[in-house]
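As the structure is a prediction and not an experimental result, all values here were calculated from the model. Per chain, numbering begins at 1; letters A, B, ... match sequence-line order.
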2 protein chains.
Amino acid sequence: METQDLKRAGLKVTLPRMKILEILESSNKKHMSAEDIYKLMLDTGDEIGLATIYRVLTQFEGAGLVIRHHFEAGQAVFELESGKHHDHLICIKCGKIVEFLDEAIEAKQKEIAKRNGFRISDHSLIIYGICDNSSCQQR
Amino acid sequence: METQDLKRAGLKVTLPRMKILEILESSNKKHMSAEDIYKLMLDTGDEIGLATIYRVLTQFEGAGLVIRHHFEAGQAVFELESGKHHDHLICIKCGKIVEFLDEAIEAKQKEIAKRNGFRISDHSLIIYGICDNSSCQQR
DNA sequence: ATGTATGCAAAACATTTGCACCTGG
DNA sequence: CCAGGTGCAAATGTTTTGCATACAT
């Protein structure tokens, strides 16, 4: 029940906000752009403006409910904050995304930041490649 | 003498292209946006269009002369291809960028890709933080 | 010469903002 | 009721493109 999450963030529980949360939860894609969500809502007959989706997602990000990623170029994508930090492996052909977490890499990053006098606030590791789906193997 | 690099890439050796290469080589900032370069050229009295800079940088990227990064949001930045892959540590307050390379992290990434059936084409690791410059220490 | 490059203006995107209207508590 | 939320259209910022002119070879 995330109505609590919304209230805790000082946000009213409105239809658009609930719908957007629902979509992020139930979609088979865990990483969605504002436009992905927009189209999905139009398809299901929900009336909404793209601007609202951007506004809501930005508020959710501020409230720590979602994370915004800037994969490659183009649009940002959003995923529900699961509480577990992870990095991403992305197939540049089919768009498949695999999440992973490697403690050794995490530790090394901390060490590198420390050595250079940085206090880490965040980090982003993305590995791009071609996955082993049959449809991705045409060279 | 990079006129060779240009010719090898099938690009004519023109004034704008030479100037852009020169700026990327001689600037104290190794990572520059198209607009950074644009302003620098206008300042030094060179006549150029922003569109040309984008076109040239995109061609350079295709020719492997520069690398385009999409740090955070906003504009892309470009750096000369040095031949040595490296990752970045970026200060979110002053914009300072430190390059680093960690073999253990590189190896781990290969292992993770392999384990998930991905053939790596590229990867990007960016650590964001606050550096120890005096001007960055006001909390 | 002649195929490429360039500059400019306009287009194309992704995202944000202003504002009048609507809605949740 | 009324602060806050929404839809729409217009604004913004970045990058790309069309086209007529200029340049490199």
OP1 or OP2 of C:dT4 under 4.0 Å from side-chain N/O of B:Thr14 | no
With the threshold set at 4.0 Å, does a side-chain nitrogen-carboxylate oxygen contact exist between A:Lys84 and A:Glu99?
-> no
What nucleotide among D:dT6, C:dG24, C:dT4 has an atom nearest to a side-chain atom of A:Lys12?
-> C:dG24
B:Pro16 has a side chain; which of D:dG7, C:dT6, D:dT16 sits nearest to it?
-> C:dT6
Using a strict 4.0 Å threshold on nitrogen-to-oxygen distance, state whether A:Glu79 and A:Arg68 make a salt bridge.
-> no
B:Leu15 CG to C:dT6 P, straight-line distance once rounded to whole Å = 9 Å
Whole angstrom is fine here: how far is it from CD1 in B:Ile53 over to P in C:dA5?
-> 16 Å
Reported CG-to-CG distance for the pair B:Leu24 and B:Leu57, which is rounded to 0.5 angstrom = 6.5 Å
Can a donor-acceptor pair be found between the side chains of B:Ser135 and B:Asn133 at a distance below 3.5 Å?
-> no
Per A:Ala51 side chain, nearest of listed nucleotides D:dT25, D:dA9, D:dT15 = D:dA9
Nucleotide nearest A:Arg17 (side chain, heavy atoms from C-beta), chosen from D:dG5, C:dA14, D:dT16 | D:dG5
A:Glu106 and A:His85: side chain donor to acceptor below 3.5 Å | yes
Where the side chain of B:Arg68 is defined as all heavy atoms beyond and including C-beta, which of D:dT16, C:dT6, D:dG5 is the nearest nucleotide?
-> D:dT16
Mind calculating the distance between CE (B:Met32) and P (D:dT15) to the nearest angstrom?
-> 14 Å
Does a nitrogen or oxygen in the side chain of B:Thr52 sit under 4.0 Å from OP1 or OP2 of C:dG7?
-> yes
Should we say atom CD of A:Glu47 is surrounded by more than 12 heavy atoms from elsewhere, each under 6.0 Å from it?
-> no
When you match B:Ala34 and A:Tyr38 each to their closest nucleotide on DNA chain D, which lands nearer the 5' end?
-> A:Tyr38
Of the nucleotides C:dT16, C:dC8, D:dT15, which has the atom closest to the B:Leu50 side chain?
-> D:dT15
Nearest to side-chain heavy atoms of B:Arg55, which nucleotide of D:dT16, C:dC8, C:dG24 = C:dC8
Length of the line joining B:Gln59:CD and C:dA5:P, which is rounded to integer Å | 6 Å
Nearest of D:dT15, C:dA5, C:dG25 to any side-chain atom of B:Gln75?
-> D:dT15
Could you give the CD-to-C1' distance, from B:Glu61 to D:dT16, as a whole number of Å?
-> 14 Å
Within the pair B:Ser33 and D:dT14, is there a side-chain N or O less than 4.0 Å away from OP1 or OP2?
-> no
Please tell me which of the listed nucleotides, C:dA5, D:dT14, D:dT15, lies nearest to the side chain of B:Glu35?
-> D:dT14
Could you state the atom-to-atom distance from CG of A:Asp46 to C1' of D:dT6 in whole Å?
-> 14 Å
Rounded to whole angstroms, how far apart are CG on A:Leu11 and P on C:dG25?
-> 12 Å
Provide, to the nearest angstrom, the distance between the CE atom belonging to B:Met41 and the P atom belonging to C:dT6.
-> 10 Å
OP1 or OP2 of C:dT15 sitting under 4.0 Å from any side-chain N/O of A:Tyr54?
-> yes
